[in-house]
Amino acid sequence: MTTQKSRNLPFRVLSIGGSDSGGSAGIQADLKTYEAHGVFGTTALTVVTAQNTIGVQQAFPLPIDLIEAQIESVLSDIRPHTIKTGLLGRAEVVGLVAEKIKSYGPVPLVVDPVLVNGKGDLIVSPETLDAYREQLFPLATVITPNLDEAARLVGKSVRALQRQDALHMLALDLRGFGPQVVVVKGGHIPGDQIGDVVYDGADFLKIQVTRLPIENPHGVGCTFASAVAANLAQGAIPRMAVMAAHAYLQSALKAALKWKVGEGRTPVNHHAGRV
Ligand code: PXL
């Protein structure tokens, strides 16, 4: 018989972000990643999308008071060990999330700034960029922009940045906004090697891997950031959380080579990447 004493207390994470009905990215990718890491995932939805492997057919932003109510429901009862943000969209949502986190108290926070679409076009307003820089980044343990997002956040053009040291320069600038650790992801830079740069204010770390033969896999950014959150929830220090998340993503991508889901982009295989 299970007694009160022998029950365990799982590590718990809250993801604040959008729903991808196709199950590859967004909140769905986050929850699958949490399952693979053995942590208890909870969610606050910001946007509901009608989406599949081919594209986004519709998107509906949820009312701000419903977003707030979801966050309050989870924070007040489940008491997550770590919070992760994905697609927030509007500046007022970024501001709300920052306020809620501040009143919850110090908590490891992973911010994946979802700012551009697959083509590299900005999908948020300049006010949203300001809100990220001024309100959310100062609270963040780890931020995980890709090259396009990092460039938009520091106000540089990507074309001027396609150099070897571009990621390092961006990471340095982004750390000035206050996060403990910056990861700038280089997966969108063409080439058979992919390099991500990690900067913690003291050292730069470059994580380099050979690109796997999957064209434009879906859910990579969400999976990586939520794996970082799962590792932080379990007590990893930020640099280790990032390294382990990178390894998890690689195994989940390798496992995706073996499957086909839908007619479009290949989803990450979260289960097969189980840690
Ligand atoms: O990968 C960024 C992302 C985040 N959130 C939602 C998404 C996507 C990309 O498809 O659909 C809901």
Side-chain angles (χ1 to χ4, degrees), residues 13-34 41-63 66-67 70-71 83-91 93-94 97 109-125 128-129 131-132 136 140 142-153 183-189 194 196 214-230 245-246 248-249 252-253 256 261-270 273:
V13 184
L14 166 62
S15 270
I16 307 171
S19 165
D20 166 10
S21 55
S24 299
I27 289 290
Q28 285 79 359
D30 292 12
L31 286 175
K32 292 176 187 186
T33 302
Y34 298 146
T42 66
T43 59
L45 288 187
T46 53
V47 178
V48 175
T49 71
Q51 185 174 174
N52 53 28
T53 62
I54 299 163
V56 179
Q57 288 80 41
Q58 263 193 54
F60 183 81
L62 295 180
L66 180 58
I67 299 172
Q70 294 173 80
I71 296 172
I83 299 176
K84 180 252 168 187
T85 69
L87 177 63
L88 298 179
R90 294 121 57 205
V93 177
V94 179
V97 168
L109 169 66
V110 180
V111 177
D112 183 24
V114 180
L115 307 177
V116 299
N117 61 19
K119 291 180 231 139
D121 305 320
L122 196 64
I123 55 166
V124 299
S125 67
T128 300
L129 292 184
Y132 268 103
L136 209 47
V142 181
I143 67 170
T144 63
N146 61 33
L147 170 70
D148 290 301
E149 289 157 345
R152 301 279 184 175
L153 285 161
V183 184
V184 184
K185 301 173 294 184
H188 290 171
I189 303 172
I194 297 176
D196 295 342
I214 312 179
E215 208 189 313
N216 204 8
H218 197 201
V220 171
C222 307
T223 299
F224 174 68
S226 51
V228 175
H246 191 275
Y248 167 69
L249 176 63
L253 279 169
V261 179
E263 299 301 319
R265 297 167 67 187
T266 301
V268 170
N269 187 339
H270 296 92

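These numbers were taken from a predicted model, which means no experiment stands behind them. Along the sequence shown, residues carry numbers from 1. The basis for the numbers below is simple: all heavy atoms, side chains too, and nothing from hydrogens, waters or symmetry mates. Atoms within each ligand, like the ligands themselves, are counted from 1 in listed order.
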Got a second to check how far Leu253's CG is from His270's NE2, nearest 0.5 Å?
-> 9.0 Å
Could you go through ligand 1 and list every pair where one of its N or O atoms sits under 3.5 Å from a protein N or O, giving the atom names and the distance to one decimal?
residue  : atom   : partner : partner atom : Å
ligand 1 : 10 (O) : Gln51   : OE1          : 3.1
ligand 1 : 10 (O) : His218  : NE2          : 2.9
ligand 1 : 11 (O) : Gln51   : OE1          : 3.3
ligand 1 : 11 (O) : Gln51   : NE2          : 2.8

Is it true that the side chains of Thr53 and Glu263 contain a donor and an acceptor less than 3.5 Å apart?
-> no
Which atom pair, heavy atoms only, marks the closest approach of Asp20 to Gln28?
-> N-OE1, 2.7 Å
For Gly89, does its backbone N or O pair with a side-chain atom of Thr128 as donor and acceptor, under 3.5 Å?
-> yes
When you measure from the side chain of Asp196 to the backbone N and O of Gly186, does any donor-acceptor pair fall under 3.5 Å?
-> yes
Would you say Thr49's side chain and Ser19's backbone share a donor-acceptor pair under 3.5 angstrom?
-> yes
